[in-house]
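This report concerns only the one structure given below.
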Amino acid sequence: MNPVTTHTTLKLTRRLRRLRQSEAMRAMVRETRLSPDMFMLPLFVCEGEGIRREVPSMPGVFNLSVDEAVKEVEGAKGDGVTSVILFGLPDRKDDVGSRAYDPEAPVQAAIRAIKRVVPGVLVVTDVCLCEYTDHGHCGIVIDGEVANDPTVDQLVRVAVSHASAGADIVAPSDMMDGRVGAIRQALDERGFQNTAIMTYAAKYCSAFYGPFRDAAASAPAFGDRRSHQMDPANTDEALREVAQDIEEGADIVMVKPAATYLDVIRRVKDTFHYPTAAYHVSGEYAMLKAAARNGWIDERRAMLETLTSIHRAGADIILTYFARDAARAIA
Ligand code: PBG
């Protein structure tokens, strides 16, 4: 007996497969769409000229001198990506991270150059000390601890320095208490009322930052970041972090990492209805790249599926090393 010719026709009123029959049909009912202007491209800016050094654990990601960073931003703009976030790789570090607020340091120089050469692209800056301290911690270390209040003073200097150089948005990523309010107040006092704050509000103590610490030479020389970054087990606490940062004047709130914290993104979006960003971090990028290079997954599909899931979870803005690739893929 041939089951194909002898089957019964089910009396189904609802057949959900009807709307999946063709690409035109699927596109018409698609609920979530990516667009290049939601991608923010992270860039690592180093000292020197003509430098474009690939990060070994992050294929396609480079340490760039200011001139090369400008070219990268021009390329990104050509792809439709309209925001970049800058990280600095200083050639000298000290125990208080003073190069982070040096007007002649790579990030400050890059802000000025990008603003001059590629107008229309939003320049965001990561505000933290870990790339600038010789011990690799995100703040001032006193008696083996990252001391909150003295660190906030330093972060304020960094944020003001970035705003003075022309940053559109400053993004504190340190997870000290009270830094958003302190930065807001200092910016306002100096006439930078229009400089926005995107806070790394719910930043988890994650294993997925490994390749970034390679790229930025910012791994802590001793200890870890558990005294300030969040425990991956918590989500109510993430809401408290976000509430506090909004209270202190944050304009955009971020969850980080992204793909392993989709539930947190959704709760933050549904609770606060604020512009919500998610950072698809270095380790998340490196995993996909490594699997694709081995031929184990289709890179383009895995990339778009991951970014779609982050947007679907509620993120309006996605910080991703795939920004240019993804923008080109959906063009
Ligand atoms: C700085 C900072 C880090 C990242 C963004 N800002 C590193 C860290 O907290 O150790 C990680 C980004 C990534 O992994 O892509 N504090």
Side-chain angles (χ1 to χ4, degrees), residues 39-45 55-63 84-90 93 97 99-100 106-107 124-133 135-141 146 148 151-152 154-155 158-159 162 167 169-176 179-180 183 197-232 241 252-261 277-290 303 306-307 310 315 317-323:
F39 302 140
M40 187 181 289
L41 176 67
L43 296 176
F44 299 101
V45 189
V55 179
S57 52
M58 301 177 72
V61 176
F62 300 84
N63 292 345
V84 295
I85 179 163
L86 306 181
F87 296 88
L89 304 172
K93 307 189 183 207
R99 187 87 165 133
V107 164
V124 186
T125 57
D126 185 85
V127 174
C128 193
L129 297 177
C130 63
E131 298 121 67
Y132 298 91
T133 52
H135 45 65
H137 278 290
C138 303
I140 306 288
V141 176
V146 179
N148 194 87
T151 297
V152 170
Q154 287 294 84
L155 295 166
V158 180
H162 291 171
I169 303 177
V170 293
S173 68
D174 51 282
M175 289 296 280
M176 297 301 114
R179 88 274 208 223
V180 171
I183 288 171
I197 299 177
M198 175 172 78
T199 169
Y200 289 70
K203 176 172 176 176
Y204 287 88
C205 190
S206 170
F208 294 103
Y209 307 150
F212 173 95
R213 293 175 190 174
D214 264 3
S218 63
F222 57 89
D224 54 40
R225 308 216 201 285
R226 270 181 277 198
S227 80
H228 44 105
Q229 298 182 349
M230 281 183 55
D231 183 337
E241 281 283 0
I252 300 169
V253 297
M254 194 205 297
V255 174
K256 177 184 170 195
T260 36
Y261 295 84
Y279 199 144
H280 187 245
V281 301
S282 57
E284 300 180 281
Y285 174 83
M287 285 194 302
L288 291 179
K289 280 282 179 187
M303 165 183 79
T306 302
L307 297 173
I310 296 166
I317 303 161
I318 305 174
L319 290 82
T320 171
Y321 303 97
F322 281 121

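Each ligand, and each atom within it, is numbered from 1 in the order the structure gives.
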* Taking C-beta and beyond as the side chain, do L307 and F39 meet within less than 4.5 Å on heavy atoms? -> yes
* Distance-minimising heavy-atom pair for G97 and T133 -> N-CG2, 3.8 Å
* **Considering all heavy atoms, the nearest R225-S218 contact** => NH2-O, 2.8 Å
Under 4.0 Å from a heavy atom of [X]: which atoms of ligand 1 are those, numbered in the order shown and with their elements?
X    : value
R225 : 8 (C), 9 (O), 10 (O)
F87  : 5 (C), 6 (N)
C130 : 1 (C), 16 (N)

* To do: Among Y321, Y285, F87, find the residue that satisfies the ring pair (Phe, Tyr, Trp, His ring centres under 6.0 Å) test when tested with F212.
  => F87
Looking at [atom], what's its closest protein heavy atom, distance included?
atom                    : value
atom 14 (O) of ligand 1 : S282 OG, 2.7 Å
atom 1 (C) of ligand 1  : S173 OG, 3.3 Å
atom 6 (N) of ligand 1  : D126 OD1, 3.3 Å

* Asked: Is Y285 near ligand 1, meaning one of its heavy atoms is under 4.0 Å from it?
  -> no
* Asked: What do you reckon, does K203 put a non-hydrogen atom under 4.0 Å from ligand 1?
  -> yes
* Asked: Where's the contact between D174 and ligand 1, heavy-atom distance under 4.0 Å: side chain, backbone, both or neither?
  -> neither
* To do: Spell out, as yes or no, whether a donor-acceptor pair under 3.5 Å connects the side chain of Q154 to the backbone of L129.
  => no
* **Any donor-acceptor pair under 3.5 Å from R179 side chain to L155 backbone** => no
* Asked: Heavy atoms only: which of K256, H228, E284 is nearest to atom 11 (C) of ligand 1?
  -> K256
* Asked: Is the cationic atom of K203 (NZ for Lys, CZ for Arg) positioned less than 6.0 Å from the six-membered ring centroid of Y279 and within 45 degrees of its normal?
  -> no
